[in-house]
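Convention: sequence-line order gives letters A, B, ...; per-chain numbering from 1.
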Amino acid sequence: MRGAKTEYAYAVARVRALETGLLDRSKIERMVEAKDADEALKVLGETPYAPAVGQLQSVYEYEVILRQEIAAVRELFRKISPHPELTDLFFLRYDVLNLKLLIKGKLLGQEVGEFLVPAGTIPPEKLAAAVANSNWKELPSELAAAARRAEESLAEEADPQLVDTLLDRAYYAHLTRVLGERGEEFLRTLVSLQVDLTNIKTFIRVRHVAGGDAVRVRELLPRFFLPGGRLTLDYFLAQAEEPLTAFADRLAKDSIGPVVGEGVAFWQREKSLTRYEKLADDFLLAYVKKSRLIAFGAEPLVAYLWAKENEIKLIRIILVGKINGLPAAEIRERLRDVYA
Amino acid sequence: MEIRVNPTRMELNRLKRRLAMAQRGHKLLKDKRDELMRQFLVLVKKNKELREEVEERLAGAFRKFMLARAVMSAEAVEEAIMYPKERLEVKLGRQNIMSVHAPKLTWEKVSRETESIYPYGFAETSAELDDSISTLAELLPRLLELAEVEKAVMLLAAEIERTRRRVNALEYVMIPQLASTVRYITMKLDENERASLTRLMKVKDIVRAKGV
């Protein structure tokens, strides 16, 4: 397997060239400093986003550009990657999102077409038809099973949370399994770190919902817990009673230690996970950046996708903030690091 | 302006009865108006407090929602909240405030073994959404209460206006009119009486002059 990775040479070179087009810190800073949303959009118009920005009627349609951007990255990967099915794993997230929308929409009898993201591995129309007929053949096995269960249980109990939790868990189970099978250690670790960080966030949120009742934490957490992380469910359950600071201290030596430590401290001060979410995103981005040392493989491609998603998040935070007149300081508080 | 009537004793009695009735009605309506006003002020005060509280907390919730919206994509937010988990059953009843029929809302949660109000999974959603959703959930009963109070205030205001119009109509139109008509008839009758008296005296004079 290892030797064959030179087939990625062209794809990696393409992506490296594209990386230089990502927004750098000074562009982001100029957008934050812009006096209103239109001006921020104008800054965006001076970047590779220019053609898309030119087509916009107003700043409120920014969401359109952002959607197209991810779909374009997938198009590109399909063309240049020798193993597009590997990068497709990371686009499957958008299929999962579409799937959730469609299943909920089906049970509510509501049209959701306008919200479907065209960035998934299955075209939205095809997925819509599949959901309408409850035909899950196109989906990976884990997702198919989860979708079937979600639809069945929702029909009798009407707990919409179940759709989300079942599909989220299935997605990460699938991701972990395939990456493990293919021996993609770097990406496997990336996913497990992401899962750990998400599970820790979930742990904090569940504790908050339960209001200090450890029994309820033990009851709720398994529902939301994602598989594929290094920290097991039992690890969390064993600490349901302990204060969060003790939980954070125990992780202090781990690579995610600083994120958890600072995030938990901020949570206890402000009862807000804003800081934690930002730090977790930054941490993963920093991890992804290490792929710069990898010359051949799918890693740089995934890294580019990650950087692009991060950039889209940045643009969204700035534009939503500007449209709603949020002060620059509060926008900055939420801004993630920049990949470039 | 007076009412055109025949200046007869029967008419006079009728008008006097009407006048007495109008005065009694006026007094009763005035009492009603005062009491309505009192209740109205209480409700208005409550309404103001409720509205201020609701508006302040709603603004907070929307702000948090906006922040959640900033870190999540539009589709993800839509997906997260499109299918509500909580269900509230609102029953519309009636309450009687000074014979004004105001709506009375009663509500109850129709949710199963509810453990958390969030209709979404935690993996793909920002924690900022939680705050916004929980504030909105806490706020809903207050919103219903506000709706009830505000409608009652509106109905009471309309009723007060109607009552005040009636009181004024009685006080400044009906009662003066009736009073002046009564006076007119009394004077007319007195006049007639004096006329017939003088006529009689005159006749008597003539008879006496002829008879001599």
> Measuring heavy-atom distances to chain B, does A/Leu97 have an atom under 4.5 Å in its side chain, in its backbone, in both, or in neither?
Replying inline: both
> What heavy-atom pair brings B/Arg69 and A/Glu63 nearest, and what distance separates the two atoms?
Replying inline: NH2-OE1, 2.8 Å
>> For residues 329-337 of chain A, give me every residue with a non-hydrogen atom less than 4.5 Å from any non-hydrogen atom of chain B.
In response: A/Glu330, A/Arg334, A/Arg336
> What part of A/Val163 lies closer than 4.5 angstrom to a heavy atom of chain B: side chain, backbone, both or neither?
Replying inline: neither
>> If we check salt bridge (Lys or Arg N to Asp or Glu O under 4.0 Å) with B/Asp130, which of these qualifies: A/Arg207, A/Arg205, A/Lys271?
In response: A/Arg205
> Is the shortest distance from a Lys or Arg side-chain nitrogen in A/Arg67 or B/Glu75 to a carboxylate oxygen in the other one below 4.0 Å?
Replying inline: yes
>> Under a 4.5 Å cutoff for heavy-atom pairs, which residue among B/Ala127, B/Gly121, B/Ala74 has the most contacts with chain A?
In response: B/Ala127
> If you round to the nearest 0.5 Å, how far is CD of A/Gln110 from OH of B/Tyr83?
Replying inline: 10.5 Å
> Counting distance only, does the side-chain N/O of A/Glu277 pair as donor-acceptor with the main-chain N or O of B/Ser126 below 3.5 Å?
Replying inline: no
> Given A/Thr198 and B/Glu124, is the side-chain contact (heavy atoms from CB on, under 4.5 Å) satisfied, shown in steps?
Replying inline: CA-CA 9 Å; A/Thr198 309; B/Glu124 297 284 340; over 6 Å; no
> Is a salt bridge present between A/Lys104 and B/Glu78, judged by a nitrogen-to-oxygen distance below 4.0 Å?
Replying inline: no
> Closest approach of A/Leu326 and B/Arg63, non-hydrogen atoms and distance?
Replying inline: CD1-NH1, 3.6 Å
> Using non-hydrogen atoms only, which part of A/Tyr172 is less than 4.5 Å away from chain B: side chain, backbone, both, or neither?
Replying inline: side chain
> Which bit of A/Lys100 comes within less than 4.5 Å of chain B, counting heavy atoms only: side chain, backbone, both or neither?
Replying inline: both
>> Working to the nearest 0.5 angstrom, can you tell me the gap between B/Phe122 CZ and A/Phe203 CZ?
In response: 13.0 Å
> Between A/Thr274, A/Thr165, A/Leu101, which shows the greatest number of heavy-atom pairs under 4.5 Å with chain B?
Replying inline: A/Leu101
> Do you know which two heavy atoms are closest between B/Pro119 and A/Asp164, and how far apart they sit?
Replying inline: O-OD2, 4.4 Å
>> Heavy-atom cut-off 4.5 Å, strictly under: side chain, backbone, both or neither for A/Glu114 against chain B?
In response: neither
> Do you know the tightest heavy-atom contact between B/Met82 and A/Leu108?
Replying inline: O-CD1, 3.4 Å
> What distance separates A/Leu102 CG from B/Glu79 CD, expressed to the nearest 0.5 Å?
Replying inline: 10.5 Å
>> Tell me which one of A/Lys313, A/Arg316, A/Glu309 satisfies side-chain contact (heavy atoms from CB on, under 4.5 Å) with B/Ser73.
In response: A/Arg316
> Got a second to check how far A/Leu273's CG is from B/Leu129's CG, nearest 0.5 Å?
Replying inline: 12.5 Å
> Between B/Ser134, B/Ala76, B/Ala80, B/Ala70, which shows the greatest number of heavy-atom pairs under 4.5 Å with chain A?
Replying inline: B/Ala70
